[in-house]
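Just so it is clear: chains get the letters A, B, ... in the order the sequence lines come, proteins before strands, and each one is counted from 1.
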Amino acid sequence: MWPVHEGCCMNIEEIINQALIAGIPQLYGKPVSSDSIQLQKTKREFEGDITLVVFPLLGISRKAPEITGQEIGTYLQEHVREVVAFNVVKGFLNLSIGDRFYLEFLNHALDEENFGIMPVCEAAETVMIEYSSPNTNKPLHLGHIRNNLLGCSVCNIIEATGKKVVRTNLVNDRGIHICKSMLAWQKWGGGETPESSGKKGDHLVGDYYVKFDQYYKQEVSGLIESGISREEAEKKAPLLLEVQEMLRKWEFGDPSVIALWKTMNEWVYIGFTETYRRLGITFDKIYYESDTYLVGRDTVLEGLKNGIFRQHPDGSVWVDLTAEGLDEKVLLRADGTSVYITQDIGTAQVRKNEYHPSRMVYVVGNEQNYHFRVLRLVLDKLGFPWAKTLYHLSYGMVELPEGKMKSREGKVVDADDLMDEMINTAREMSSGLGKLEGLSPGEKEEIFRIIGLGALKYFILKVDPVKNMTFNPRESIDFDGNTGPFIQYTHARIRSVFRKAGENGMTIPEKTRIDLSLNEKEKNILKMIHDFPLVIKDAGQSFNPSLIANYMYDVAREYNQFYHDYSILKEADSGIKDMRLLLSVLASKVIKKGMGLLGIEVPERM
RNA sequence: GGCCCCGUAGUUCAGCUGAAUAGAACGUCAGAUUCCGGAUCUGGAAGUCGUGGGUUUGAAUCCCGCCGGGGUCACCA
């Protein structure tokens, strides 16, 4: 287990839970199991803060729900300092927690350097997380954006739960698809380079990938017209045979093919680096398939020798997974070249030996669910005890209103274009509001960038990863309501209060008095922020950034209600004014930290 | 066809380790600015939680069937 968070001593559910485990046996003479203690937030329409559902305890109390609730409520009020009142409605015991608890919590949370975030200690376990995993034959598109944002955010979240994280990228830099753009460039490129054409390298290479597909389709339909079946034509098209030959040459190290491959990949990497930089994506370690596929190949051949795999008469190597309810899968082609899974078998071993992670997470789309089941089973059959530590973080596809994106046909939302578009929208919107007067053009651009990317990232991350999502470029992204800019706005607004306080010569104290009484809005914010560490923990355990995103929205909305209803700086009672200032400090910190976990920055003004 | 995932207001999404009248946002209609930032706030209308069974004191949530959508079952990645 991981170390207990400092803030846990301030967790009110935990305090009540402990009291019940001790108290119920006193009341009813029987022990209580912790899963029959159900604590939840009290619904808005009832009086109280925390509710105990008493139904599961009736078997122990042997009394009616109302009576049981009364008895337990009385016990808690007498034995738990924080419980100041209670009421029972049907089978629900609603407990009121004193303001003092929340005020002490406020002081306590402000004391912590990083409230909600656990420090990573030397002895912590290591989690290796792979994301992005681009092919070097085309630029990044919206689907990759979801992958990168998810991966990056999950890394942040897991790190915030006190674990070491190795952010890793596996570049698909080899294979038949890479050869396709190479061959097309060789045939029809006329020596075009990023410099000569002014195109971003990844876009240039991607254009040739599209071009290959166009010519290939022409060839296929030509063959079909001459009387050959589609299936036959797709296998016998001259371009396909040529590209297969190129792949063989690559695997046998043909110098001219390797040289072309290096040149074109380099163009792509320069382009990718730019896209990653703008998106704010980083890696600790980058693996290349071209470095690891041979390890996989050797492993497969050894497995063949040991009788784990079978060879067909044509020379191809297979694994039989019919006993596991799957099919036979090819691991090496008849001509000896490697397939996709071959390199994954190698990469996993290289990683294990290099970092010894306790968990290896793969952020990969749900179209590869089957692939990862196979990979685990194959590694297991090979006798690697760590095979079960593989976890496929499978996420749904991003579709367009007109259907799936198809990069071969050029029907995609390009990552670079999309970021430009978002930033432009932010620019137009901000200019209309005119709140950035007096800032330099550079400062303004920085704010537009933060808002545009914030809108994009939040839009994608607020959706549960397992779900498919439709992206309508024109309508999908808003700056109002449950959006990134709404939350960013809340932060900017709070910061503005502090600036104003400074201008008026006010200082923010270290601590609040704890003998104040809180209004409903103040209490609601504190109750919500109290849950921050728990939300991070849940998000980490379920690899689900959308939990953080939706929580951030709730915090921002709650704060905005408070802000609307009460004045901070104009409050006459200095104790209350100080408390509201500190409450705002904590809220702004939590918003900044939480958004940071999503990879979203928050501006000082906007 | 086998296996896997999804199905909640017009739309985009929460809620899914069972609990009180299913929540937001966008859109729509109606309001709130001499006052710390109106990218805000308040209110109205809008849902047989795909469908039919089952388990349970209690089901949007768990189990089974069916319907609808998607994915996958390549010597593609």
Side-chain angles (χ1 to χ4, degrees), chain A residues 35 38 40 42-46 51 53-56 58 65 89-92 94 133 135 137 172 175-178 244 289 312 314-318 325-341 343-344 364-371 373-374 394 396-397 399 404 426 429-430 432-433 435 451 459 462-464 466-472 475-476 478-483 485-490 492-501 504 538 542 546-547 549-551 553-554 556-557 560-561 563-571 580-581 584 605-606:
Chain A
D35 55 339
Q38 289 184 29
Q40 52 190 244
T42 303
K43 293 217 163 200
R44 287 277 158 105
E45 58 267 38
F46 299 98
T51 294
V53 184
V54 302
F55 295 111
L58 300 183
V89 180
K90 291 190 260 180
F92 300 89
N94 302 317
S133 316
N135 297 339
N137 62 346
N172 285 241
I176 193 93
H177 55 302
I178 307 301
Q244 283 169 338
E289 271 193 33
H312 283 195
D314 64 6
S316 55
V317 179
W318 297 73
L326 306 181
D327 305 276
E328 269 199 302
K329 288 290 292 183
V330 70
L331 302 178
L332 281 178
R333 294 194 186 97
D335 65 2
T337 59
S338 300
V339 290
Y340 181 58
I341 197 168
Q343 62 77 26
D344 258 331
V364 179
N366 63 12
E367 59 201 349
Q368 292 192 32
N369 287 356
Y370 188 83
H371 170 77
R373 285 176 71 190
V374 172
S394 163
M397 299 287 96
E399 289 172 11
K404 281 194 73 174
M429 198 157 284
S430 278
L433 293 167
K435 289 183 182 167
I451 298 170
F459 178 80
K462 76 173 175 183
V463 180
D464 187 331
V466 303
K467 297 201 175 174
N468 288 353
M469 57 189 294
T470 305
F471 183 88
N472 187 324
E475 294 167 20
S476 283
D478 260 302
F479 287 70
D480 301 316
N482 188 357
T483 65
F486 172 90
I487 299 163
Q488 291 173 321
Y489 173 80
T490 309
R493 192 183 216 190
I494 298 174
R495 301 299 299 172
S496 160
V497 172
F498 299 153
R499 277 195 301 275
K500 187 77 81 181
N504 296 347
D538 283 351
S542 56
S546 78
L547 298 179
N550 288 298
Y551 170 78
Y553 173 66
D554 289 337
R557 201 158 54 99
N560 280 327
Q561 286 175 21
Y563 184 94
H564 179 268
D565 291 355
Y566 299 96
S567 182
I568 300 167
L569 300 180
K570 294 196 170 64
E571 170 58 44
R580 287 184 183 162
L581 277 166
S584 302
R605 59 184 84 209
M606 64 188 271

In this structure, how many angstroms lie between the [atom2] atom of [N] and the [atom1] atom of [X], rounded?
X: A:F46; N: B:A19; atom1: CZ; atom2: P; value: 15 Å
X: A:D538; N: B:U17; atom1: CG; atom2: C1'; value: 10 Å
X: A:Y551; N: B:A24; atom1: OH; atom2: P; value: 18 Å
X: A:N560; N: B:A24; atom1: CG; atom2: C1'; value: 14 Å
X: A:K404; N: B:A77; atom1: NZ; atom2: P; value: 17 Å
X: A:D335; N: B:C76; atom1: CG; atom2: P; value: 9 Å

For the side chain of [X], starting at C-beta, report the closest nucleotide among [options].
X: A:R557; options: B:A24, B:U21, B:A77; value: B:A24
X: A:D480; options: B:A19, B:C26, B:A77; value: B:C26
X: A:L547; options: B:G15, B:C41, B:G70; value: B:G15

Looking only at side-chain N and O atoms, does [Y] offer a donor or acceptor that is under 3.5 Å from a partner on [X]?
X: A:Y340; Y: A:Q368; answer: yes
X: A:N94; Y: A:T51; answer: yes
X: A:T490; Y: A:N560; answer: yes

Nearest-0.5 Å distance, CD1 of residue A:I487 to CZ of residue A:R557: 11.0 Å
Distance in Å, A:F486 CZ paired with A:Y553 OH, rounded so as to fall on 0.5 Å steps: 5.0 Å
Under 4.0 Å protein heavy-atom contact, by nucleotide of nucleotides 1-13 of chain B - B base, S sugar-phosphate only: --SS-SS-----S
[N] versus [M] - spacing of their [atom1] atoms, nearest Å:
N: B:G1; M: B:U48; atom1: P; value: 30 Å
N: B:G15; M: B:G23; atom1: C1'; value: 7 Å
N: B:G10; M: B:C67; atom1: C1'; value: 23 Å

Plane angle bin for A:F459 and A:F471 - parallel if under 30°, tilted between 30 and 60°, otherwise perpendicular: perpendicular
B:A19 pyrimidine/purine six-ring stacking with A:F55, under 5.5 Å and 30°: yes
Distance below 4.0 Å between A:R333 side-chain N/O and B:A77 OP1 or OP2: yes
Under-4.0 Å side-chain N/O to phosphate OP1/OP2 contact, A:Q38 with B:A19: no
Mate of [N] where both pairing distances stay under 3.5 Å, Watson-Crick or G-U:
N: B:A59; value: none
N: B:C26; value: B:G10
N: B:U72; value: B:G2
N: B:C49; value: none
N: B:C36; value: none

A:D344 and A:H371, any side-chain heavy atoms less than 4.5 Å apart: yes
Check: B:A20 base within 3.5 Å donor-acceptor of A:N94 side chain: yes
Pair of N/O donor and acceptor under 3.5 Å linking B:A14 base with A:S546 side chain: no
